[in-house]
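Below, chain A is the first sequence line, B the second, and so on; all start at residue 1.
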Amino acid sequence: MCGRFSLIMEIEGLALRFEFEPYGLAQPPRYNVAPTQPVLAVRGGEPRQALYMRWGLLMSGAGQAPSGRPIINARAETVVERPGFRSALARRRCLVLADGFYEWQHDGAGRRPMRITLASRAPFAFAGLWNAWRSPQGDVVESCTIITTEANELVRPIHDRMPVILPEELETLWLDEEMQDAAALASVLAPYPSERMAAYEVSTLVNSAFNDGPELIAPAEQGRLL
DNA sequence: CCAGACGTTGTT
DNA sequence: GTCTGG
DNA sequence: CCAGACGTTGTT
DNA sequence: GTCTGG
């Protein structure tokens, strides 16, 4: 799954790479983005729109409170058929920007945090869905979820699920609101190729969502490399 | 019809 | 909202 | 995802 | 164990 990630590049670089206007967006380097925190998302249209959304989709109740816990992930294998995701998949797709994500490898009693990046170390986009929930007071909360799929060969020793990273050439397709072919959308939600990714062990400092700094992405002493 | 869930992960 | 269960 | 709290009553 | 908060 994907429950923690990083986004370190400055906003101007992200704006060039993902084709949005950076004005008004402050993006401090984030080494430990956790559920319920704001994430930088890009929506389709001309031009594309970048904004912050709360991570964890608030499933809309009938106007009162959001129902249940926020949903930080959606399964690619079932997202097409789930009622709760249906309208978001049709009309509210987005990119969630990142440059690495963390998975905890469980062995015996222990747990080792691993950081997984592109081999190039370039930033990338998770396939996301978003939602707008209006509170009784009239406030609109925009929230999003990250789609997951089965792990590729690189990630499988660490964990059996991984987030969907969109190949750069498919980002526009994912954001295209005219695209309504469910089979075509589902085919986009595939594991990213192992040979273009890398993984290494990091310090358990990343375990606490209160920690955030460059030391979180430093390779662990005598840590594993994949 | 209304009421109540709606999601994932991991662990057992 | 939209779907399932009663 | 992980970390950390988790409860009431009455009395001070 | 289970729930909430980040």
### Euclidean distance for C1', dA5(B) against dG5(E) (whole angstrom)
24 Å
### Message
Without decimals, in angstroms, what is the distance between Arg82(A) CZ and dT4(C) P?
### Response
11 Å
### Message
Work out how far the P atom of dT11(B) is from that of dT2(E), and round it to whole angstrom.
### Response
14 Å
### Task
Kindly state whether the ring of Phe126(A) and the ring of Trp174(A) have centres lying under 6.0 angstrom apart.
no
#### Entry: DNA chain B contacts made by residues 204-217 of chain A, counting heavy atoms under 4.0 Å
none
## Note on the structure
Residues passing the salt bridge (charged side-chain N to carboxylate O under 4.0 Å, His left out) test with Arg92(A), sequence neighbours excluded, are none
### Query
Just checking Ser87(A): base, sugar-phosphate only, or nothing, at a heavy-atom cut-off of under 4.0 Å?
nothing
### Task
Select base, sugar-phosphate, or nothing to describe what Ala34(A) touches, counting heavy atoms under 4.0 Å on all strands.
base
### Query
Between dT2(C) atom C1' and Trp133(A) atom CH2, what is the distance in whole Å?
19 Å
### Message
Just to be sure I understand the rule, does Phe85(A) reach a base, reach only the sugar-phosphate, or reach nothing, if contact means heavy atoms closer than 4.0 Å?
### Response
sugar-phosphate
### Query
Any chance CD of Glu81(A) has more than 12 other-residue heavy atoms, nucleotides or ligands included, within less than 6.0 Å?
yes
### Query
Taking the P atom of each, how far is dG4(B) from dT8(D), in whole Å?
24 Å
### Query
NA contact type, Thr145(A), heavy-atom cut-off 4.0 Å: base, sugar-phosphate, or nothing?
nothing
### Query
Going by the salt bridge (Lys or Arg N to Asp or Glu O under 4.0 Å) test, which pairs reach into residues 151-161 of chain A, not counting sequence neighbours?
Glu77(A)-Arg161(A)
#### Entry: Distance, P atom - from dC2(D) to dT9(B), rounded to whole angstrom
13 Å
### Message
Under 4.0 Å, heavy atoms only, any strand: does Gly84(A) hit a base, just the sugar-phosphate, or nothing?
### Response
sugar-phosphate
### Task
Provide the start and end nucleotides, 5' to 3', of the part of DNA chain D that has atoms under 4.0 Å from heavy atoms of chain A.
dC1(D) to dA3(D)
### Message
For dT4(C), give the paired nucleotide (Watson-Crick: N1-N3 plus N6-O4 or O6-N4; G-U: N1-O2 and O6-N3; both under 3.5 Å), or none.
### Response
dA3(B)
### Message
What contact category does Arg4(A) fall into here, base, sugar-phosphate, or nothing, at under 4.0 angstrom with non-hydrogen atoms?
### Response
base
### Task
Under the ring pair (Phe, Tyr, Trp, His ring centres under 6.0 Å) rule, collect the residues that match up with Phe101(A), sequence neighbours excluded.
none
Let me check something: any side-chain donor-acceptor pairs from residues 10-24 of chain A under 3.5 Å, sequence neighbours excluded? List them with distances.
{"from": "Arg17(A)", "atom 1": "NH1", "to": "Glu171(A)", "atom 2": "OE1", "distance (Å)": "3.1"}
{"from": "Arg17(A)", "atom 1": "NH2", "to": "Glu171(A)", "atom 2": "OE2", "distance (Å)": "2.8"}

### Summary
side chain to side chain contact (heavy atoms under 4.5 Å, CB included) filter on Arg86(A), not counting sequence neighbours, yields none
### Task
Could you list all the salt bridge (Lys or Arg N to Asp or Glu O under 4.0 Å) pairs where at least one residue sits in residues 119-132 of chain A, not counting sequence neighbours?
none
### Qualifying salt bridge (Lys or Arg N to Asp or Glu O under 4.0 Å) pairs with a residue from residues 192-204 of chain A, counting only residues at least two apart or across chains
Arg112(A)-Glu201(A)
